[in-house]
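Everything below concerns the one structure shown next.
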Protein chains: 2
Amino acid sequence: MGDLMGDNAERTSHDQSRFPAARLSRPLCGQCPVRDGSLCRRMERRDRDRLFPFGARIQTRRAGARLFHQGEPFDHILILQSGWALVHKLFEDGERQIVRFVLPGDLIGFEGNEEAGMAYTAEAITDVTVCAIKRSVFYRACAQSPRLAMSFASLVTREALSAWNHVGALGHQTAQGRVANLLLDLHRRVTAHRNPKDSVLHIPLNQVHIADATGLTPVHVCRTLKQLRTEGLLDFRKGALVLLDPERLAEIAQLDPDIAPEGSMTIPPSAVA
Amino acid sequence: MGDLMGDNAERTSHDQSRFPAARLSRPLCGQCPVRDGSLCRRMERRDRDRLFPFGARIQTRRAGARLFHQGEPFDHILILQSGWALVHKLFEDGERQIVRFVLPGDLIGFEGNEEAGMAYTAEAITDVTVCAIKRSVFYRACAQSPRLAMSFASLVTREALSAWNHVGALGHQTAQGRVANLLLDLHRRVTAHRNPKDSVLHIPLNQVHIADATGLTPVHVCRTLKQLRTEGLLDFRKGALVLLDPERLAEIAQLDPDIAPEGSMTIPPSAVA
DNA sequence: CGAGCGTTTGACAGACCTCAATATTGGTGG
DNA sequence: CCACCAATATTGAGGTCTGTCAAACGCTCG
């Protein structure tokens, strides 16, 4: 965690001029939440207003930086403001399993405790800005504000639902289904707070990311993506995702359109706001 | 959901004499939380005292009964008091993926919302007793009591951690590792609140349950269990689980003993109590 | 005794992995 | 602008793990 709480901490709002667009390994268009500040600002204003009195700080981290590491203690909660991150579990053979991707507005840092250390590693995929607050302070704030506590519970509930969906995909589906499930899920999460549903969507992942998340090898992910492309289902190359046949994709991903997806709020807004 | 809220509702405490031991498909010894009331009473007293003013009711359900069904609305929260349950996702081909097993003290019923219906199906494995409360009432109670809200958040956090561990097992591990992981996890959860760590532990699951939870076929689960048995790692037959070599099992399951397991409380008791 | 369920075992097929080589891309420096 | 390098993506051949199908066994219950 080291310099995460260092002197480069910022207390000001997440302004594009003060937080210049990240230098990314590859250019991303304005649709991507990494560079588009609208989503970030909306989540930030609401969370910051609640948490800044408790010592929340805005931080920036470079792509590839580790936000916290499996086995090591980490005493902060992070709210991602912009950019993409991931949470993975390291195995002894050096392989890793990505358990979730973190998008702006998502909370990370509750995957462990002070004594035993974090159970997972969090890593910035792109350059990111996060809102950091001491975990003990955050819990104290929640204990004083049922509204904040329920907002926290709501976020964690969404994480649990997403994880269970992930379990279903990994346990039951073939390679096509797993990849389709992941890309559909990411597409939905990115476009959820976005009006213009353009056909092409930029996702800052490569085939290795998809492999580590779906439990497949990069080689097989490549074959599966090619298969999906030739079958006219979706096109994903160089981070550009196009859903060519969303309906058939949902079938392959075994997503029942009637069922509330991961993004749905289980806790009604009335109980939070 | 039907008769769940029917006239057989009980408001009295969970007494063995009033709630006679369930007629189970196979006999279970006194170690199993299904028949042992100590765990049930402890969880119940604490939760009931908080929730009964809000209309919580104790209910009983038979083994095999569905507590709620995927796609259908369900407006209650259930706290399992005794017995075992499971939560699974149904796929269109008729297969199912068990996403978690529910033990006494666990909460279910937040896997969806009123409008879209539940995202999963919950089913009683053995006869169960549950503490039921209207979801809207429960959320209102949480909104008035930060303590209850944080207790809820703590439970959901544990579920999320457990689900992520499950994701890691399904995505990364071989059949042996998946089965070992599941049985070790269940063993830990059952013995967590139990002093005498006897060598033999009764778990009310069959090979089909294990198959649906690990994403394997019952045939392969059978082969894997036989393999684990001949290698002197564990013995699981007719619901009787014996861990013959816990250390080597933990290796196979890729469980890092230094890392906090799913059972650890992420939210410190001081923030809840 | 027969029916039904769960378990066990075998032969075979398919999905995915491993290893290896090549092609493509993006970045760097001359 | 081109050469060069590292990282990523692609393609092929062969092997392993797990699924599928089928049959038989044991157990419980009616």
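Naming: A, B, ... by sequence-line order, numbering from 1 per chain.
For Arg61(A) (side chain) and Val128(A) (main-chain N/O), no donor-acceptor pair under 3.5 Å exists by modelled atom type. A side-chain donor-acceptor contact under 3.5 Å links Gln97(B) to the backbone of Asp212(B). Distance alone, capped at 3.5 Å, is enough to place a donor-acceptor pair between the Gln70(B) side chain and the Leu90(B) backbone. Side chain of Arg229(B) to main chain of Arg237(B): no donor-acceptor pair is present (N/O by atom type, distance under 3.5 Å, no hydrogens or angles). Between the side chain of Arg178(A) and the backbone N or O of Thr214(A), at least one donor-acceptor pair lies under 3.5 Å.
Taking the side chain of Asn206(A) as heavy atoms from C-beta on, and the options dA9(D), dT8(C), dC17(D), the nearest nucleotide is dA9(D). Counting only heavy atoms from C-beta on, Val208(B) has its side chain closest to dT7(C) among dT7(C), dC16(C), dG26(C). Checking dT11(D), dG19(D), dC16(C) against every side-chain atom of Cys222(A), the shortest atom distance belongs to dT11(D).
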Could I get a table of every N or O pair under 3.5 Å where one atom is in the protein and the other is in nucleotides 12-14 of chain D?
{"residue": "dG12(D)", "atom": "N7", "partner": "Arg223(A)", "partner atom": "NH1", "Å": "3.2"}

Polar atom pairs between nucleotides 23-25 of chain D and protein, under 3.5 Å, N or O only, would you list them?
none

Legend entry - Asp106(A) vs Arg100(A), salt bridge (charged side-chain N to carboxylate O under 4.0 Å, His left out): CA-CA, chis, key distance, verdict: CA-CA 11 Å; Asp106(A) 290 342; Arg100(A) 61 181 179 128; 5.4 Å; no
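Leu216(A) has its CG atom 14 Å from the P atom of dT18(D), to the nearest Å. Following rounding to the nearest Å, Gln227(A) (CD) and dT10(D) (P) show an atom-to-atom distance of 14 Å. What separates NZ of Lys238(B) from P of dT8(C) is a distance of 8 Å, to the nearest Å. In this structure, CZ of Arg229(B) is placed 11 Å from P of dT7(C), rounded to the nearest angstrom. At whole-Å resolution of the value, CZ in Arg178(A) and P in dC16(C) are 7 Å apart. We find that CD1 of Ile210(B) is positioned 8 Å from P of dT7(C), with the value rounded to whole Å. Rounded to whole Å, the distance from CG on Asp212(B) to P on dT7(C) is 12 Å. One interatomic measurement links the two molecules: NE2 of His220(A) to C1' of dT18(C), which rounds to 13 Å at whole-angstrom precision.
Closest of all the heavy-atom pairs between Met118(B) and Phe74(B) is CG-CB, 3.6 Å. Across all non-hydrogen atoms, the minimal contact from Leu249(B) to Ala180(B) is CD2-CB, 3.9 Å.
Between dC16(C) and Thr217(A), no contact under 4.0 Å exists linking OP1 or OP2 to a side-chain N or O. Between dT8(C) and Gln207(B), a contact under 4.0 Å exists linking OP1 or OP2 to a side-chain N or O.
Between His172(B) and Phe91(A), the ring planes lie parallel to each other; the angle is under 30°, not in the 30° to 60° tilted range.
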